[in-house]
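Convention: sequence-line order gives letters A, B, ...; per-chain numbering from 1.
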2 protein chains.
Amino acid sequence: MSLRHALLGVIKDTPLTGYDLVRHFQGTVGYLWSAPQSQIYPELRRMEAEGLVEAKVAPRGRRAQKRIYSVTEAGMAELRRWATDFVPLPAQRDPIMLKAAFFDLAPIESVREQLRAHIAQFQWRMEQWQAREDAIRERRAELVEVWLSRQPIEEHDNIIKFKIHALEGLIARARAEICWARNGLAVCDEIDARRASGSVASDDQAASAS
Amino acid sequence: MSLRHALLGVIKDTPLTGYDLVRHFQGTVGYLWSAPQSQIYPELRRMEAEGLVEAKVAPRGRRAQKRIYSVTEAGMAELRRWATDFVPLPAQRDPIMLKAAFFDLAPIESVREQLRAHIAQFQWRMEQWQAREDAIRERRAELVEVWLSRQPIEEHDNIIKFKIHALEGLIARARAEICWARNGLAVCDEIDARRASGSVASDDQAASAS
DNA sequence: GTAGTCATGTAAGAGGTTACATGATTAG
DNA sequence: CTAATCATGTAACCTCTTACATGACTAC
């Protein structure tokens with residue numbers, strides 16, 4: 001049940017409509033927890049029913065309306081409780097590592113392609129996170145700044161340190177993933193080299209391999 | 001839909017009952033994909049209905065029976081297809097990193113405890129993985145050995161290389177997690193130090209902090 | 001008027017968690 | 001005979017995914 005905490009974490013700084021929240025989920029907290037629109041709207045309603053957020057209905061044009069959600073005291077309390085309580089590690093479940101353990105069942109060129117795609121994806125994510133980290137460090141991150149403005153000045157550096165620490169964790173992970181995939185490519189090369197030398201030594205290999 | 005591939009990956013080497021499969025999921029593939037018993041039984045039935053596995057009903061004692069599942073040709077084909085096809089990265093969704101970004105909402109002692117627990121958990125996992133890797137390297141890993149016995153000898157080293165590569169990936173991740181959490185503890189210390197020096201400078205801090 | 005964006009939802013289904021339920025068999 | 005283990009399931013519930021659906025507003 002982290003979605004609601006991610007949502008609370010965003011609107012505690014800036015009351016938003018569901019629509020805006022959806023967009024904020026691609027660019028801020030979305031780096032940490034992604035959620036589709038179809039999950040956000042009902043969750044907001046549920047949180048409202050439980051008193052964690054409250055909606056101010058605002059007019060939009062003539063007829064239309066919109067609901068601007070903000071966090072209640074109960075919502076802030078829940079957010080603090082969650083930040084304080086211990087949560088166990090999620091179960092081990094990683095489609096890529098599982099597959100990697102069975103790479104010997106795939107043609108080696110496909111393995112290479114998959115590893116290259118892995119590298120590209122994490123390189124992309126890493127750039128995003130790096131940019132976010134820079135923004136926070138240089139005090140250009142709006143959400144964080146709004147939150148800071150409500151906290152005592154002497155705590156600002158401490159808060160920023162935690163935010164950066166979280167992003168550094170993601171970046172370190174991405175680096176590890178890229179490094180791992182590169183090693184995988186090296187393994188592919190070794191295997192190719194060994195197979196080539198093997199089929200030179202005994203020619204019937206090449207026939208059975210084709 | 002990785003569960004079925006994890007299951008196929010185990011019983012391709014050794015036909016097993018659902019019960020045995022459940023236990024194997026704590027010790028071999030379980031390092032890569034964990035699943036509760038209540039998920040495994042129905043999945044086996046579904047795979048049987050789809051022709052990916054077949055069950056041989058064997059007697060157990062006098063009255064009782066058991067179903068021993070093995071992979072069909074269609075099952076092996078599906079496993080190979082999955083190993084070959086590209087699968088997109090799962091969505092970003094990590095409860096611990098999300099929380100870490102909001103650690104400033106928790107008392108610092110709780111943050112320390114959570115980071116210490118994080119370290120302990122990954123240290124534990126790392127030992128498991130390391131042991132598994134050693135077992136594979138020293139050719140003591142039963143499942144892998146059975147699979148090797150059906151493959152040409154000159155491919156054995158290649159297959160083992162991939163298995164070890166996958167485990168090395170997990171181990172590298174664990175190392176990164178532990179390193180990250182240690183940095184987090186350092187951040188906590190810095191914050192404590194800064195707060196202490198701050199409250200020496202202005203005494204009213206200490207009062208408001210209690 | 002029409003295309004794009006603002007705004008809010010619903011519904012079906014897959015996958016996973018937790019808990020409950022049952023009975024045969026084997027070792028002591 | 002009794003406890004542990006072998007063996008197989010069901011059911012309720014939650015979360016997330018994918019797709020569909022609708023309508024008002026704004027800029028051109």
Please check if the distance between the ring centroids of B:Trp33 and B:His5 is under 6.0 Å.
-> no
Nearest-nucleotide wise, let me know which of B:Gln65 and B:Ala91 is further upstream toward the 5' end of DNA chain D.
-> B:Gln65
Polar atoms only, N or O, under 3.5 Å: list the protein pairs with nucleotides 2-6 of chain D and their distances.
from, atom 1, to, atom 2, distance (Å)
D:dC6, OP2, B:Tyr19, OH, 2.7
D:dC6, O2, B:Arg60, NH1, 3.3

Okay, side chain of A:Thr72, backbone of A:Leu52: is any donor-acceptor separation there less than 3.5 Å?
-> yes
How far does the helix from C:dG1-D:dC28 to C:dG28-D:dC1 bend, going by the axes of its first and last five pairs, to the nearest 10°?
-> 10°
In whole angstroms, the gap separating P of D:dC16 from CG of A:Leu7 amounts to 10 Å
Give me the residues of residues 44-51 of chain A where at least one heavy atom lies under 4.0 Å from an atom of DNA chain C, by number, or none.
-> A:Arg45
Classify the side chain of A:Gln37 versus the base of C:dT8 as yes if they form a donor-acceptor pair under 3.5 Å and no if they do not.
-> yes
Euclidean distance, atom CD1 of residue A:Ile40 to atom P of D:dT15 [Å, nearest integer] | 15 Å
With a 4.0 Å cut-off, would you call B:Arg173 and A:Asp94 a salt bridge?
-> yes
Indicate yes or no: does A:Glu168 engage B:Arg182 in a salt bridge with an N to O separation below 4.0 Å.
-> no
Report yes or no: is the cationic atom of B:Lys163 (NZ for Lys, CZ for Arg) under 6.0 Å from the centre of the six-membered ring of A:Phe103, at an angle within 45° of the ring normal?
-> no
Rounded off to whole Å, could you give me the CE-to-P distance for the A:Met1 and D:dC14 pair?
-> 8 Å
Establish, with yes or no, whether the OP1 or OP2 oxygen of C:dT8 is under 4.0 angstrom from a side-chain nitrogen or oxygen of A:Arg67.
-> no
State whether a side-chain donor-acceptor pair under 3.5 Å links A:Ser149 with A:Glu145.
-> no
N-O pairing of B:Arg137 and B:Glu133 below 4.0 Å = yes
Minimum-distance nucleotide (side-chain atoms of A:Leu3 versus D:dA24, C:dT10, D:dC16) | D:dC16
Please state how far atom CD in B:Glu43 lies from atom P in D:dT10, giving the value in whole angstrom units.
-> 14 Å
Check: B:Pro59 and B:Gln65 side chains under 4.5 Å, non-hydrogen atoms = no
Please check the phosphate of C:dT17 (OP1 and OP2 only) for any side-chain N or O of A:Arg93 closer than 4.0 Å.
-> yes
Looking only at side-chain N and O atoms, does A:Arg63 come under 4.0 Å of OP1 or OP2 in D:dC25?
-> yes
For A:Tyr41 and C:dC6, give me the distance from atom OH to atom P, rounded to whole Å.
-> 11 Å
Between A:Gln39 (CD) and D:dC20 (C1'), how many Å, whole number?
-> 17 Å
Geometric class of the A:His165/B:Trp180 ring pair [parallel <30°, tilted 30-60°, perpendicular >60°] = parallel
A:Glu48/A:Arg67 salt bridge by N-O under 4.0 Å criterion = yes
A:Tyr69 has a side chain; which of C:dT17, D:dC16, C:dG9 sits nearest to it?
-> C:dG9
From the options D:dT17, D:dC25, D:dG9, select the nucleotide whose nearest atom is closest to the side chain of A:Arg62.
-> D:dC25
Any donor-acceptor pair under 3.5 Å linking the side chain of A:Thr84 with the backbone of A:Arg80?
-> yes
Comparing nearest nucleotides in DNA chain D, the 5'-proximal residue of the pair B:Thr17, A:Trp33 is B:Thr17
Would the number of heavy atoms belonging to other residues, nucleotides or ligands and lying under 6.0 Å from CZ of A:Arg62 be above 12?
-> no
Is any N or O donor-acceptor pair between the side chain of A:Ser38 and the base of D:dT18 shorter than 3.5 Å?
-> yes
